[in-house]
Amino acid sequence: MPPRPPPRGGARGGPPRGASPSRGGPQRGGAPPPQSGAARGAPAQAGAGQQHAIADHVQTIGVKKPGYGREGRNFQVFTNHFGAQITDNIISHYDVIHPSEKTLPAKLNFDIIESMQSKCFPQIFTPRCDIGGGMILWRGYFQSVRPAVGRMLINIDISTGVMYKPGSLIDLCLDFFGKLGNPNLLSPSRGLPERERHRLSRFLIGVRVITNTSSNSRSQNPRVIKRLSTQSARDLKFKLANGSEQSVANYFNATYNRPLRFPDILCVEVGAGAMLPLEVCEVPKGQIMRKQVPSEKTSSVLEFATKKPEARLESIVNGTKVLAYGQSEYLRSFGLGVDSSAPIKITGRILNPPIMIYGQGSRQATVNPRNGEWNMIDKKLYRPAAIQRWIVVIFERQQRFSQAAADDMIQGLRRATADMGITGFQAQPKLTWENPQGDIISVLRKHGMDMRAAGGLPDIYVLVLPDGAADLYQQIKHFSDCQVGVATQCLRSNKCFRAKPQYYANVCLKINVKLGGVNTIPDAKSVPFLADRQNPAIIIGADVIHPAPGVENKPSFTSMVANIDPMFSRYVAISKVQTARQEIIDDAEEMVTHCLRMHIKHKVETGIEQSAAFPKRVIVFRDGVSEGQFKQVIEGEIPKIKAACAAMNLPVMPKLTLVVVGKRHHVRFFPQTGQGDRSGNCPAGLVVDSEVASPAEFDFYLQSHAGLLGTSRPAHYNVLYDENGFTADSMQQLAFTLCHVYARSTRSVSIPAPVYYADIVCARAKNHFDPSLNVDLSETETMTESGNRGGSTRDLAYYQKSFRPLATTAQRRMYFA
């Protein structure tokens, strides 16, 4: 049975109840909707005359557009699209090269960037920012021609690239450490720590350099750095053809008549094993860094890349003038024209948010979010957790985090938990200070066993960590998530020191769900999908995370997160290891089976009648899939999901709907003057399903969150498979509602909570490896100094075998919150 339509508003395009349209089948409700009929606000127009019925012969990859939504109030916006005209003739083309990051010649890449900066578009490609650490930022533009309803559009957006700082390789290395001017800092014999050398080596791997062996000899063919040596040019020796040995420094002196100025600093290995002193290498400009930006530089990148909506749109409009499409002979030869006079204006709709329900004892039991925000003032959690025993472990020196600071932190937690309804924290915790360099897992286990001997196991550990404690955090989470299944809450010492009540309120939102509580639920009356108790549903969020750009020989991780309660506020998770950079989830059948079992088990144990315990609808929100992979998901994952449902032998075979949630796109929406929120962005709840959406596919853009910094990015939803007969309105309202049940905050988020959770679970996959294995997922395994490949036995089977599953108790909790 499809979701019941909302009682408010006018009729919607959609199938008759009971219809089960298949992927790519006849269009549901395809006639243009009337220009009226919306609840609470001005009537919403759907497409302002740009709507068209879809001809039966039109083929789609996913579900055909079932019509256009009408719920909400009209809201006109500008978008970063410009009208385009294309030729009606057939265009023949011949691919000369395939522009891949692995196959495109590096020299050609450098030449293209040099030409764009100095000849073609200097106004666009010259803005840059030196953020230190050997990195500079460049600003450019993204362009893409897209089909829209009744016309073609060109999507234009500003873009930012992280580049290696050009010039001397020595200067690049010194800039990486933030210590320019003294090359001897790169000398092992003068105190370069091995840890810092290793960190620099990871940064340099993959950088292309040109060599300057003498004043008259400079190689223009870039060579790729494979690793950084452990010895200096003076000490690093190699064998000659006659069997004798010679140092790198002596070789350059004898061969090129070039005595090295800095023989005591390191070398780099390039090509087939050649060792080059740093001082003979130069880094060409325009070399993009295909690695993860260090966390300490993230704020600098955001500061450069972030533009408020008004400034961003102005930059885009100025960019079209510089690009001068009308003067391009190439565009004219293809019969392509662009109307760059102004960005197009379209009509979207602002959806009504769901009413959120809080617990008994709240002065205000229900709240209607305003622009994606609400607060916890005078409210109790919907289902507050309870504890009996807890432990506080402080991994800071007592001189830095004193007894008084610890007492203040404990009191802050007590006040916040009491205000929200969580009980048990008034009990005196076991408080201890520990060495962060010690055996963390043994320490935590000992404290737990001591408490058990004194009366019972702890319900939660609260741990205070110093800054930069990623390794410590991983050990703690491996202990709690995979070994014993106890809840843990980590606090940064500089954040919880004399923290304000709002800080502890936010912490308690996480603590409550980790202990099995529920923070808030959406009112079923405001969401038709939730109101249909005759057709219970399970909602699954799925994601795949790949190794960072430039990292090889490391696996990808998959995750699925599913609700176990009828109100879609409690979730369980499962994570797996699979082949690197493979987008299709290999273990989808096993993971869906786990989700279904946990869902049914929880409902049965909590007394829900058996008829409502077995889901009749399965809704999958799939993250991380590009448009070019839609068909792979349909062919590779949907059969596995269906097989899992069939294997469960449920009373009724559930009907499946699969929706891809996309975040990596360049579509933006800009409010008219004076109509934005505090950040200048469109209000939360903006949905656009016409004009810039697909003319044939069932898709829409939803900006579900309030803006904070820069220009908000809407999520792009594509319905690839639908047996539940969703209408545009029912799917949009469901997605918007799920953006309000994210447990960590009292704000709607940018994507549905199950998808957000799946992303977090993927990111935490490294915690499943025993810390003693020293599994480093952030770098490529390289050749060691002895010539062996570091960790050569660490193939996919090794990672799968070493990947420890969740402890039994953790499997039933939102440990990832």
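Of the charged side-chain nitrogens involved, at least one lies within less than 4.0 Å of a carboxylate oxygen, so that Arg678 and Glu373 count as a salt-bridged pair. Electrostatic pairing of Arg70 and Asp689 does not count as a salt bridge here, judged by no charged N lying under 4.0 Å from a carboxylate O. Here Arg312 pairs with Asp157 in a salt bridge; the nearest charged N to carboxylate O distance falls below 4.0 Å. In summary, Glu627 and Arg664 do not engage in a salt bridge, as defined by a charged side-chain N under 4.0 Å from a carboxylate O. Classification of Asp722 and Lys655 as a salt-bridged pair fails, no side-chain N sitting under 4.0 Å from a carboxylate O.
For the atom pair NZ of Lys345 and CD of Glu691, the computed distance is 11.5 Å after rounding to the nearest 0.5 Å. Rounded to the nearest 0.5 Å, atoms OG1 (Thr657) and CD1 (Ile638) are 9.5 Å apart. Taking CZ of Phe669 as the reference point, atom OG1 of Thr79 lies at 5.0 Å (rounded to 0.5 Å). Annotation: the span from Asp565 atom CG to Ile608 atom CD1 amounts to 7.5 Å, rounded to 0.5 Å. If you take CG on Asn371 and CD1 on Ile350, they are separated by 8.5 Å, rounding to the nearest 0.5 Å. Atoms CE and CG, from Met560 and Asp543 in turn, are 10.5 Å apart once rounded to the nearest 0.5 Å.
Between Thr320 and Asn318, every side-chain heavy-atom pair lies at or beyond the 4.5 Å cut-off. Between Leu686 and Leu702, every side-chain heavy-atom pair lies at or beyond the 4.5 Å cut-off. Taking the side chain as every heavy atom from C-beta outward, Phe78 and Ile344 never approach each other to under 4.5 Å. Looking at Val625 and Glu583, their side chains come closer than 4.5 Å, going by heavy atoms from C-beta outward. Between Ile316 and Ile158, some side-chain heavy-atom pair lies under the 4.5 Å cut-off. Side-chain atoms of Arg570 and Asn563, non-hydrogen and from C-beta on, never get closer than 4.5 Å to each other. In this structure, His705 and Ser712 have side chains that are in contact, with non-hydrogen atoms separated by less than 4.5 Å. Contact check for Phe621 versus Leu738: side-chain heavy atoms found under the 4.5 Å cut-off.
Each of Tyr756, Tyr742, Tyr757 was checked for a ring pair (Phe, Tyr, Trp, His ring centres under 6.0 Å) with Phe816, and the lone residue meeting it is Tyr757.
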Exercise for review: Show your reasoning for whether side-chain hydrogen bond (donor to acceptor under 3.5 Å, both in side chains) applies to Gln703 and Arg713.
Suggested key: CA-CA 7 Å; Gln703 189 169 304; Arg713 185 204 314 253; over 6 Å; no

Practice item. List the steps, then state whether side-chain hydrogen bond (donor to acceptor under 3.5 Å, both in side chains) holds for Thr727 with Asp729. Key: CA-CA 5 Å; Thr727 65; Asp729 278 320; 5.4 Å; no

Review point. For Lys616 and Met653, what are the C-alpha separation, side-chain angles and deciding distance, and is it a side chain to side chain contact (heavy atoms under 4.5 Å, CB included)?
Key: CA-CA 7 Å; Lys616 297 181 181 179; Met653 180 67 174; over 6 Å; no

Practice item. Report the C-alpha separation of Tyr382 and Ser569 in whole Å, then their side-chain angles, then the decisive distance to 0.1 Å, and conclude whether the side-chain hydrogen bond (donor to acceptor under 3.5 Å, both in side chains) test is met. Key: CA-CA 10 Å; Tyr382 181 79; Ser569 294; over 6 Å; no

Exercise for review: List the steps, then state whether side chain to side chain contact (heavy atoms under 4.5 Å, CB included) holds for Met731 with Val659.
Suggested key: CA-CA 10 Å; Met731 175 56 71; Val659 186; 3.7 Å; yes

Exercise for review: Start with the C-alpha gap between Thr160 and Phe304, add the side-chain angles, then the distance that decides, and say whether side chain to side chain contact (heavy atoms under 4.5 Å, CB included) holds.
Suggested key: CA-CA 8 Å; Thr160 299; Phe304 178 80; 3.7 Å; yes

Exercise for review: Apply side chain to side chain contact (heavy atoms under 4.5 Å, CB included) to the pair Val741 and Ile521, showing each step before the final yes or no.
Suggested key: CA-CA 7 Å; Val741 298; Ile521 64 171; over 6 Å; no

Practice item. Begin with the C-alpha distance, continue with both residues' side-chain angles, and end with the deciding distance and a verdict on salt bridge (charged side-chain N to carboxylate O under 4.0 Å, His left out) for Glu637 and Arg622. Key: CA-CA 10 Å; Glu637 292 185 9; Arg622 178 70 158 85; 2.7 Å; yes

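Residue Pro671 comes nearest to Gly680 through the heavy atom pair CG-O, 3.2 Å, listed as atom of the first residue, atom of the second, then distance. When all heavy atoms are compared, the tightest approach of Asn368 to Pro353 is OD1-CG, 3.4 Å. The shortest heavy-atom contact between Ser690 and Thr347 is OG-O, 4.4 Å. Nearest heavy-atom pair, Pro615 versus Ile538, reported as atom, atom and distance to 0.1 Å: CB-CG2, 3.9 Å. The minimum heavy-atom distance linking Pro147 with Pro695 is given by the pair O-CD, 3.8 Å. Nearest heavy-atom pair, Ala758 versus Gly541, reported as atom, atom and distance to 0.1 Å: CB-O, 3.7 Å.
Of the N and O atoms on the side chains of Asn506 and Gln502, at least one donor lies less than 3.5 Å from an acceptor on the other residue. Side-chain contact of Asp699 with His716: a donor-acceptor pair under 3.5 Å is present, judged by distance alone. A donor and an acceptor atom, one from each side chain of Gln85 and Arg151, are nowhere located under 3.5 Å apart. Using modelled atom types, one finds a donor on one side chain and an acceptor on the other under 3.5 Å when comparing Gln143 with Tyr325. With no hydrogens or angles considered, a side-chain donor-acceptor pair links Asp677 and Ser679 at under 3.5 Å.
In this structure a side-chain-to-backbone donor-acceptor pair under 3.5 Å is present from Thr306 to Leu302.
Evaluation of the salt bridge (charged side-chain N to carboxylate O under 4.0 Å, His left out) rule for Glu697 yields no partner, not counting sequence neighbours. The salt bridge (charged side-chain N to carboxylate O under 4.0 Å, His left out) check on Lys642 picks up Glu723, with sequence neighbours excluded.
Between Phe700 and Tyr717, the ring center distance clears the sub-6.0 Å criterion.
Aromatic ring pairs are classed by plane angle as parallel below 30°, tilted from 30° to 60° and perpendicular above 60°; the pair His665 and Tyr701 is perpendicular.
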